[in-house]
Novice: 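Before I ask anything, let me first share the structure, which is written out below as C-alpha cells.
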Amino acid sequence: QVQLVESGGGLVQAGGSLRLSCAASGRTFSSYAMGWFRQPPGKEREFVATINWSGGSTYYADSVKGRFTISRDNAKNTVYLQMNSLKPEDTAVYYCALGRGRTIASMQYEYDYWGQGTQVTVSS
C-alpha cells in the first residue's frame, strides 16, 4: 500500500507564499511521475502541476503558470509545490498523487494513489 502525506498548508495573505510537501512511501518513488491537484470549495478537483520521474519535465495549469513551481527530491521520496503570489482563488484543498507511469500527466485517471489533502486558504 502506497501512502502519500501532504504538509505545509495553512492560512496566508494574498501575495504571500507557501511551500507544500508530499512524502511518499511504499513504492519506488523515483520511477513515477507525480502531480498536484486541488479542489476549491464548491468545485470539482482540478489539475495544478505535474513532474516526470526524473524532475526534468514539468507541466502546469494555465492558472498557476509563473507562480507555482513543482519539484522533487527522489533521495527523500518527496515532491514539493512552491506557491508564490498567492491569490484568493487559490484557496482549496491540495492533493498530491503518484502516477501510473514515468511521464508528466494532467488527468486524474493517470494517477493511482492520492494523499489525504491539505487545506490552503488565501485571504485578501
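Positions are given from 1, in the same order as the sequence printed here. What you see below is based on every heavy atom in this structure, not just the backbone, and it leaves out hydrogens, waters and symmetry mates.
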Novice: Under 6.0 Å between the ring centres of Trp114 and Phe37?
Specialist: yes

Novice: Any chance you could measure Met34, atom CE, to Ile70, atom CD1, to the nearest 0.5 Å?
Specialist: 7.5 Å

Novice: Can you list everything that forms a ring pair (Phe, Tyr, Trp, His ring centres under 6.0 Å) with Tyr95? Sequence neighbours excluded, please.
Specialist: none

Novice: Could you go step by step and tell me if Thr91 and Gln119 meet the side-chain contact (heavy atoms from CB on, under 4.5 Å) rule?
Specialist: CA-CA 8 Å; Thr91 295; Gln119 177 70 48; 4.0 Å; yes

Novice: Got more than 12 heavy atoms from elsewhere within 6.0 Å of CD, Glu46?
Specialist: yes

Novice: Between Met83 and Asp90, is a side-chain contact (heavy atoms from CB on, under 4.5 Å) present by the stated rule, with each step listed?
Specialist: CA-CA 9 Å; Met83 305 185 294; Asp90 295 319; over 6 Å; no

Novice: Will you find, in the side chains of Thr103 and Tyr59, an N or O donor that is under 3.5 Å from an N or O acceptor?
Specialist: no

Novice: Any salt bridge between Asp62 and Lys65, counting N to O under 4.0 Å?
Specialist: yes

Novice: Any chance you could measure Ser71, atom OG, to Arg19, atom CZ, to the nearest 0.5 Å?
Specialist: 7.0 Å

Novice: Quick check on Glu89: does its CD atom have over 12 non-hydrogen neighbours (other residues, nucleotides or ligands) under 6.0 Å away?
Specialist: yes

Novice: Test side-chain contact (heavy atoms from CB on, under 4.5 Å) on Thr118 and Leu20; report intermediate values, then the result.
Specialist: CA-CA 8 Å; Thr118 186; Leu20 306 183; 4.1 Å; yes

Novice: How long is the straight-line distance from CG of Leu18 back to CG of Leu11, given to the nearest 0.5 Å?
Specialist: 8.5 Å

